[in-house]
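Everything below concerns the one structure shown next.
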Amino acid sequence: MIPPRLIYKPGRLKILDQRLLPHKIAYTTARDAAETAAAIKDMVLRGAPLIGCAAAYGMVLELEQQGSGASGQWSVVGGRKLDSATAARKTLVAAGITLKAARPTAVALFYAVDRMLEKADLWLKAHPFDYMRFLAALRREAGLITREDKAACARMGDFGAGLLKKNSIVLTHCNAGALATMGIGTAVGVITKAHSLKKIKHAYSSETRPYLQGARLTIWELARSGVPSSLITDNMAAHIMKTCGVNAVIVGADRIAANGDTANKIGTYGLAVLARYHGIPFYVAAPAPTIDLKLKNGSLIKIEERSSDEVTFINGRLCAPKGVNARHPAFDVTPAGLITALVTEKGVISPVNKKNIVKQLSKRIAK
Ligand code: MRU
């Protein structure tokens, strides 16, 4: 079992500190939007869908901080008065700006914030302002975003596992597992589901320099799920594909443009090129809100550039000459043409192009 990633209780969000994994299971607490945003920025939690769920709760926390708390009546907290729809909306808009500034690439963060704001607007339009009822509506919405993510993971697991053959040898990158979501994960969810159907002979996880999500998180998840697996360093991928019978590469995504170009953890693009060379299908598993139809193609996706210290230091120790220049683009974009199929909770999209994406997104999920 993977420990809960987020535990919400009115006034606080307990967040599993993924920086300490796999050595220590410990939680940190956020009490408002700024603390939630800081946790996202500092990688306490990470993974596109999980960031979105945390952001939704970050909006709720801000409202709780600024509002009345227990009494049900508006009151003055910290010198601010949350006594009107206008004040409540202002609070949420400001919280949304803070949260969206935490990390730029994963669209799930923007999706969750915008959805909470939309819910707030709809509610405020329909009901006279009542702080407690308004807060309850937003808590429900955050809960819904979380449950939808969990359900989407389960469906992607089913669709993705359906693509894999018996005795599959798969390779994944970064962490697109339970730790990145509120459910079983996207890419790793496909692997664990396929494993439960006895379809997985072996899974390889690349270590994912510089943040080591593969080494610290994915291989830990795979082992806990009983999947026969091996950790490799990133530079072993070509050799492993050539010599170890890899017959599927499956990764998650942070943002997918309308044409299918996909931003995911740095190194994903290289793996897609290698997979094409070796004739290996390359699958991307991501929930539908990861697809950003507003962006025509991947060149428009903003790529987060993180501190170069994350490259020059490992576990707090300098591993390069002091003061050397280093780059740390945290994501790269894989062209749609290298992706065999997108696996979403609505089904499998292949070939990956705008027409097929729009068609699939318009489908409703049968309940
Ligand atoms: O920087 P991270 O750890 O947030 O990057 C995570 C990834 O790139 C994942 O592959 C992606 O978010 C998909 S998670 C289901």
Side-chain angles (χ1 to χ4, degrees), residues 2 5 15-19 21 37 39-55 102-112 146 148-150 152-157 160 171-193 205-218 220-221 234 249-256 262-272 282-292 298 301-307 310-311 328-334 339 342-345:
I2 305 302
R5 280 69 78 195
I15 304 169
L16 177 66
D17 192 338
Q18 300 196 21
R19 297 169 305 181
L21 291 173
I40 293 171
K41 198 181 176 98
D42 297 342
M43 306 287 279
V44 174
L45 75 149
R46 29 65 51 205
L50 190 66
I51 292 173
C53 296
R103 294 189 76 186
T105 305
V107 71
L109 171 60
F110 298 77
Y111 166 80
T146 296
E148 282 175 9
D149 178 51
K150 194 173 171 190
C153 286
R155 289 180 62 90
M156 281 182 275
L171 190 152
T172 188
H173 185 58
C174 193
N175 174 266
L179 289 166
T181 66
M182 291 298 279
I184 59 168
T186 59
V188 174
V190 169
I191 297 171
T192 50
K193 177 68 197 200
S205 165
S206 45
E207 69 171 347
T208 321
R209 272 278 286 154
Y211 228 83
L212 303 179
Q213 290 92 332
R216 295 186 303 105
L217 310 176
T218 303
W220 184 70
E221 280 197 33
D234 297 332
V249 176
I250 178 149
V251 297
D254 284 80
R255 195 183 291 242
I256 301 173
T262 293
N264 190 49
K265 181 53 55 193
I266 190 75
T268 303
Y269 174 32
L271 290 176
F282 186 90
Y283 300 118
V284 172
T290 313
I291 301 173
D292 186 350
I301 299 176
K302 186 156 187 218
I303 300 295
E304 176 182 15
E305 182 86 27
R306 292 187 64 86
S307 165
E310 291 173 356
V311 174
H328 184 186
F331 300 93
D332 57 26
V333 176
T334 300
I339 301 169
L342 293 180
V343 180
T344 77
E345 71 277 32

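For ligands, and for the atoms within them, numbers begin at 1 and follow the listed sequence.
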Quiz item: Between Asn175 and Arg46, does a side chain to side chain contact (heavy atoms under 4.5 Å, CB included) hold up when you go through it step by step?
Solution: CA-CA 9 Å; Asn175 174 266; Arg46 29 65 51 205; 3.0 Å; yes

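Under a 4.0 Å heavy-atom criterion, Ala330 is not in contact with ligand 1. At least one heavy atom of Met43 sits closer than 4.0 Å to an atom of ligand 1. Residue contacts with ligand 1 include Arg103, since one or more of its heavy atoms lies under 4.0 Å from the ligand. The closest approach between any non-hydrogen atom of Phe331 and ligand 1 is below 4.0 Å. Under the 4.0 angstrom criterion for non-hydrogen atoms, Gly47 is in contact with ligand 1. At least one heavy atom of Asn175 sits less than 4.0 Å from an atom of ligand 1.
Distance alone, capped at 3.5 Å, places no donor-acceptor pair between the His173 side chain and the Asn264 backbone.
Ion pairing between a basic and an acidic side chain is recognised when a charged N comes within 4.0 Å of a carboxylate O; Glu304 and Arg306 show such pairing.
In the displayed structure, Tyr269 atom OH is contacted under 6.0 Å by at most 12 heavy atoms of other residues, nucleotides or ligands.
If you number the atoms of ligand 1 from 1 as listed, the ones under 4.0 Å from a heavy atom of Gln213 come out as 1 (O), 2 (P), 3 (O).
For the pair Leu179/Leu50, no side-chain contact is recorded, criterion being any heavy-atom separation below 4.5 Å from C-beta on.
Geometrically, Arg255 engages Phe110 in a cation-pi contact, judged by NZ or CZ lying under 6.0 Å from the ring centre and within 45° of the ring axis.
Counting only heavy atoms of the protein, atom 9 (C) of ligand 1 lies nearest to Asn264 OD1, 3.4 Å. Of the protein's non-hydrogen atoms, the one nearest atom 7 (C) of ligand 1 is Asp254 OD1, 3.3 Å.
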